[in-house]
Student: 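One structure follows; several queries about it will come next.
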Amino acid sequence: MDDAVSGGPPVGIAGVKVRGEVRVELVEETPYRFRIDQHGSMRVPGVVFASRRLLPPKGDGALEQVINVAALPGIVGASYAMPDMHWGYGFPIGGVAATDIRGGGVVSPGGVGFDISCGVRLLAAELDRSDFRRAAEQIMDGLSRATPRGAGRGGVWELHREGLDRVLEEGSRYAVARGRGTPRDLERCEDGGALADAEPGQVSARARDRGLGQVGSLGSGNHFLEVQAVAEIYDQAVAKVFGLSFDQLCVMIHCGSRGLGHQICTDHVRAMDESMADHGLTVPDRQLACTPVDSPEGRAYLGAMAAAANYARANRQVLGVAAGEVLRKVTGRGLDLVYDISHNLAKIETHDVAGRRLSLCVHRKGATRALPPGHPELPPGLREAGQPVLIPGSMGTASYVLTGVPSGDAFFSTCHGAGRTQSRHQAVRTIDARRLRRDLEHDGIVVRGSSARGLAEEAPTAYKDVDAVVAVAEGAGLCRRIARLVPLGVVKG
DNA sequence: ATGTTC
């Protein structure tokens with residue numbers, strides 16, 4: 001066996017420093033898996049799924065964050081990072097960390113991220129690429145009008161206080177109960193469209209105020225609504241179960257919990273920062289503020305987080321319904337839900353760790369759950385095929401539908417997108433938004449933007465190559481490719 | 001990501 005497969009000498013990644021001087025030493029276990037051996041305050045090793053090319057660039061800080069996360073109280077297995085990893089608040093984006101609840105394991109809002117339950121919804125039409133071409137401008141104008149976006153602003157679903165409470169408690173189920181969608185939609189949502197253990201009482205008045213007028217809105221940043229076509233199918237049988245065929249027209253929606261989730265994260269980071277010492281906990285970075293899952297602060301955060309997750313699901317539910325109405329009006333055909341899945345969430349899950357069956361708090365931040373075929377949590381219609389995993393590409397590039405595999409490492413998790421290589425600030429400095437828009441339109445992509453700055457921030461050159469990210473995730477044994485989709489039109493947040 | 005510095 002050669003060195004690259006058997007382990008071999010450490011691959012030093014020049015320029016990445018920990019605590020000033022020590023370099024991060026990565027051991028290349030396979031071409032797609034690197035290990036950071038346990039040292040210092042690490043309680044478990046670090047495991048980075050990547051290729052040499054996809055490893056974070058010099059000075060990014062993400063590998064340092066993998067090491068910091070490995071010091072979390074109660075962490076088990078390893079501190080994992082996905083191929084689209086990059087620097088984030090406390091935890092790397094693309095990070096997965098599981099803690100043993102009975103063993104004093106913690107929950108950390110930084111391990112979920114500010115955009116709680118940010119995720120992706122994919123819908124498919126009985127239409128193809130040529131149907132879109134015949135009415136592209138009309139379809140995109142309609143979708144643009146039907147899709148509130150940008151900072152602040154309103155949403156498609158105007159709610160009063162009581163309605164917001166129901167959204168926090170029931171997620172997409174409440175939207176469907178109010179005629180926004182069908183019961184079938186709920187089978188095609190992760191967790192049936194709602195997390196069961198939401199506690200709206202743990203959501204602050206300020207978070208509610210921010211969220212009240214934003215149900216059914218994209219927001220900004222990397223969020224989008226795209227019209228896409230299925231350009232490649234890797235597994236016909238599974239694609240058919242998911243409801244996808246070659247050349248089919250789809251709509252993909254990428255958004256989260258808006259100001260409500262952001263405020264919840266802010267509130268609970270602050271509360272945990274203040275109470276961490278009372279629990280006798282220390283962490284290497286203040287941004288890793290945490291308390292035991294089994295503590296008043298831990299339970300309060302998880303209850304509020306679940307409420308934000310339900311808000312995000314209802315958000316995508318009503319946006320999807322609004323998009324379907326536009327398609328039906330213009331083409332006579334509506335949209336059927338393929339799946340809705342989050343990539344910023346902590347979940348209580350049972351896993352075997354070193355021969356013991358443990359109840360874990362699994363943090364996925366910029367990482368997606370990917371359940372394999374046969375998993376009992378999958379609804380009957382998807383049980384044989386596996387969980388649909390939705391990967392949004394950067395603007396103008398491909399997106400993917402994947403599924404979980406039985407070998408799934410990292411607690412059945414995989415990547416979540418392309419992953420940034422440039423900060424928003426850097427991108428704005430180097431990208432000419434007007435030229436970018438021309439380039440996209442030259443590629444046949446109809447663009448309905450929100451702001452020139454927003455467009456520049458999301459230039460594909462500021463991101464990793466999503467095709468490489470997905471190939472590495474598959475090569476690392478985390479998931480399997482089912483379909484590749486290409487953009488035809490984009491409504492940008 | 002975010003009423004992009006309560």
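Quick caveat: nothing in here was measured; it's all calculated off a predicted structure. Chain letters run A, B, ... following the sequence lines, proteins first, then strands; residues in each count from 1.
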Student: Round to a whole Å and report the spacing from OH of A/Tyr89 to C1' of B/dT2.
Tutor: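 A/Tyr89 atom OH is separated from B/dT2 atom C1' by 13 Å.
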Student: Whole Å only: how far is the CG atom of A/Asn344 from the C1' atom of B/dT2?
Tutor: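 Spelled out: CG on A/Asn344 to C1' on B/dT2 is 13 Å.
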Student: Strictly under 6.0 Å, is that where the ring centroids of A/His254 and A/His343 end up?
Tutor: yes
Student: Could you state the CG-P distance from A/Asn315 to B/dT2, rounded to the nearest angstrom?
Tutor: 10 Å
Student: Checking all strands, does A/Glu457 fall into the base, sugar-phosphate, or nothing category for heavy-atom contacts under 4.0 angstrom?
Tutor: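 Contact class for A/Glu457: none.
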Student: Below the 4.0 Å mark, does B/dT2 have OP1 or OP2 next to a side-chain nitrogen or oxygen of A/Gln214?
Tutor: no
Student: So, OP1 or OP2 of B/dT2: does either fall under 4.0 Å of a side-chain N or O from A/Ser220?
Tutor: yes
Student: Does anything in residues 258-268 of chain A reach DNA chain B, meaning a heavy atom under 4.0 Å, and if so which residues?
Tutor: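 The answer is A/Arg258, A/Gly259, A/His262.
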Student: Could you check whether the rings of A/Phe114 and A/His262 sit parallel, tilted or perpendicular, using 30° and 60° as the cut-offs?
Tutor: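 Plane angle between 30° and 60°, so tilted.
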Student: Output the rounded distance in Å from CG (A/Asp273) to C1' (B/dC6).
Tutor: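 Value for this atom pair: 16 Å.
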Student: Kindly say whether the aromatic ring centers of A/Tyr32 and A/Phe49 come within a distance under 6.0 Å.
Tutor: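 That pair fails the under 6.0 Å test.
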Student: Under 3.5 Å, is there a donor-acceptor pair between the side chain of A/Arg149 and the main chain of A/Thr147?
Tutor: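 Pair found, side chain donor or acceptor close to backbone of A/Thr147.
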Student: When we call it a touch if two heavy atoms are under 4.0 Å apart, what does A/Arg206 touch: a base, just sugar-phosphate, or nothing?
Tutor: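 It contacts base atoms.
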Student: As an exercise, state the distance from CG of A/Asp432 to CG of A/Asp439, rounded to the nearest 0.5 Å.
Tutor: 9.0 Å
Student: Report the distance from atom NE2 of A/His425 to atom P of B/dT5, rounded to the nearest whole Å.
Tutor: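 Roughly 12 Å, once rounded to whole Å.
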Student: Hey, which of these two, A/Asp115 or A/Arg270, hits DNA chain B nearer its 5' end, going by closest nucleotide?
Tutor: A/Asp115
Student: Under the 3.5 angstrom rule, does the side chain of A/Asn315 hit a backbone N or O of A/Val215 as a donor-acceptor pair?
Tutor: no
Student: What nucleic acid atoms does A/Gly221 come within less than 4.0 Å of, heavy atoms only: base, sugar-phosphate, or nothing?
Tutor: sugar-phosphate
